[in-house]
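The block underneath contains the structure these notes are about, expressed in structure tokens.
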Amino acid sequence: MRKLLFLQFAVFAVIVAAMGMAAFALMLWDFQFPGTFKEWYIFRGGMPLNLLLLLGFGLQHSLMARKGFKRALARWIPTELERSFYVMLSGFVLFTLSLVWSPSAPPLYDLGGTVWGYLLSGMALLGVVIMVWAATATDALDLVGIRSVIRIWRDAPSSEAPLKMLRMYKIVRHPLYLGMLLLFWFTPTMTHDHLFFAEVMTAYLLIGIQFEERDLLATYGETYRQYQRDVPMLIPFLKRPRHR
């Protein structure tokens, strides 16, 4: 009975996470091509509402990624469901953010149909490719919670993954974030709400990287410190100067 209940929860979490990611993808598409889905947006709370949505997103992702929060959560959530609980809440947050987001007009610039517009769209597409590449280089199934379903089904314990430097991770330490930044900033049409989104999310990612790297150092020690010396954080081929 316990296993069946855990499986149901984990599958529900995957469904919610997939819905949240799909809604977020539609929102990002609308940033690239404003007006595509705006008719479906049901709220018009303006920038104050958008700020609250982004703060909620940042708090949920940042707090739940911290080891101290995970230890506190372990008192209430079984270890087998920790990842499922995280992806479920992330899905709810992404779905709410995408559904309630308030667009604004007119655009700051519109280069659609021009050579520059195609170049900007190409850079955004490159960002998507990098994100997919980065996800498949690690464990895309874990990203949406499917790996948790498999573990529960097989009664397999979760374990700390060894540090792997595969494919894109040999070029930059955070290729997923690099892809996001390219997607957020390169667009043929920039609206006020898109610019606000890009600014806040960039600040969140840059701050979040610092906490993430601190946790990675605590987990992998000198192995990760050497990785920091050898591979740049976000900009390919830009290595930190070595101190003599």
Side-chain angles (χ1 to χ4, degrees), residues 12-70 72-73 76-77 82-110 124 127-128 131 143-145 174 176-187 189-215 234:
F12 177 73
V14 171
I15 294 172
V16 173
M19 290 177 59
M21 290 182 178
F24 191 59
L26 293 180
M27 177 183 171
L28 294 177
W29 179 276
D30 198 68
F31 279 157
Q32 291 292 318
F33 308 101
T36 308
F37 300 104
K38 282 185 179 179
E39 292 76 9
W40 298 89
Y41 294 176
I42 60 177
F43 290 99
R44 292 293 187 273
M47 291 301 182
L49 176 59
N50 291 343
L51 177 59
L52 287 176
L53 292 169
L54 290 174
L55 287 176
F57 171 88
L59 286 173
Q60 183 265 320
H61 281 73
S62 298
L63 288 177
M64 295 195 71
R66 304 281 71 81
K67 290 187 176 181
F69 186 91
K70 291 179 180 180
L73 188 64
W76 308 96
I77 303 294
E82 180 185 300
R83 181 63 184 174
S84 296
F85 187 70
Y86 174 80
V87 299
M88 183 186 70
L89 285 187
S90 297
F92 275 126
V93 169
L94 283 177
F95 190 83
T96 303
L97 171 67
S98 307
L99 183 67
V100 184
W101 185 264
S102 296
S104 60
L108 291 169
Y109 66 80
D110 186 356
V128 174
M131 290 168 61
L143 188 64
V144 294
H174 300 279
L176 187 63
Y177 295 161
L178 172 61
M180 288 180 180
L181 291 174
L182 291 175
L183 179 59
F184 293 163
W185 282 102
F186 289 91
T187 174
T189 305
M190 179 66 78
T191 59
H192 290 271
D193 61 298
H194 184 178
L195 178 62
F196 179 71
F197 173 89
E199 290 171 339
V200 175
M201 288 299 292
T202 298
Y204 164 73
L205 290 178
L206 293 179
I207 294 172
I209 283 176
Q210 307 307 315
F211 288 99
E212 184 175 332
E213 296 234 317
R214 185 183 65 181
D215 290 345
L234 282 173

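In this text, all values refer to a predicted model and were calculated from it rather than measured experimentally.
Considering only residues two or more places apart in sequence or on other chains, Phe33 meets the ring-ring contact (aromatic ring centres under 6.0 Å, His included) condition with Trp29. With sequence neighbours left out, Ser90 forms a side-chain hydrogen bond (donor to acceptor under 3.5 Å, both in side chains) with Gln60. In this structure Leu52 satisfies the side chain to side chain contact (heavy atoms under 4.5 Å, CB included) test with no other residue, sequence neighbours excluded. Partners of Phe184 according to the ring-ring contact (aromatic ring centres under 6.0 Å, His included) rule, which considers only residues two or more places apart in sequence or in another chain, are Phe197. Checked against ring-ring contact (aromatic ring centres under 6.0 Å, His included), Tyr177 has the following partners two or more places apart in sequence or in another chain: His174. Not counting sequence neighbours, Phe186 has no partner by the ring-ring contact (aromatic ring centres under 6.0 Å, His included) test.
When atom types are taken as modelled, the side chain of Thr189 and the backbone of Asp110 share no donor-acceptor pair closer than 3.5 angstrom. Looking only at distances, a side-chain donor or acceptor of Ser104 sits under 3.5 Å from a matching main-chain atom of Asp193.
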Apply side chain to side chain contact (heavy atoms under 4.5 Å, CB included) to Glu199 and Trp185, showing your working. CA-CA 9 Å; Glu199 290 171 339; Trp185 282 102; 3.8 Å; yes

Could you go through the side chain to side chain contact (heavy atoms under 4.5 Å, CB included) check for Leu54 and Tyr204 one step at a time? CA-CA 9 Å; Leu54 290 174; Tyr204 164 73; over 6 Å; no

Apply side chain to side chain contact (heavy atoms under 4.5 Å, CB included) to the pair Phe31 and Thr187, showing each step before the final yes or no. CA-CA 8 Å; Phe31 279 157; Thr187 174; 5.6 Å; no

Side chain to side chain contact (heavy atoms under 4.5 Å, CB included), that's the test. Do Val87 and Val14 meet it? Break it down for me. CA-CA 7 Å; Val87 299; Val14 171; 5.7 Å; no

Which is it for His192 and Phe196 under the ring pair (Phe, Tyr, Trp, His ring centres under 6.0 Å) test, yes or no, and what are the steps along the way? CA-CA 6 Å; His192 290 271; Phe196 179 71; over 10 Å; no

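To the nearest 0.5 angstrom, Thr191 atom OG1 is 9.5 Å from Tyr109 atom OH. One distance of note links NE2 of His194 with CE of Met201; it measures 11.0 Å at 0.5 Å rounding. Note that the CG atom of Leu205 and the CG atom of Leu178 stand 10.5 Å from one another [nearest 0.5 Å]. Expressed to the nearest 0.5 Å, how far CG of Leu99 lies from CG of Leu53 amounts to 9.5 Å. To the nearest 0.5 angstrom, Asp30 atom CG is 11.5 Å from Trp101 atom CH2. The OG atom of Ser98 sits 11.5 Å away from atom CE of Met21, with the distance rounded to the nearest 0.5 Å.
Counting heavy atoms from C-beta on, the side chains of Leu234 and Ile209 come closer than 4.5 Å. At a threshold of 4.5 Å between non-hydrogen side-chain atoms, the residues Leu183 and Gln32 count as touching.
Annotation for Phe57: atom CZ counts as buried by contact number, over 12 foreign heavy atoms lying within 6.0 Å.
Considering all non-hydrogen atoms of both residues, Leu49 and Ser102 come closest at CD2-OG, 3.9 Å.
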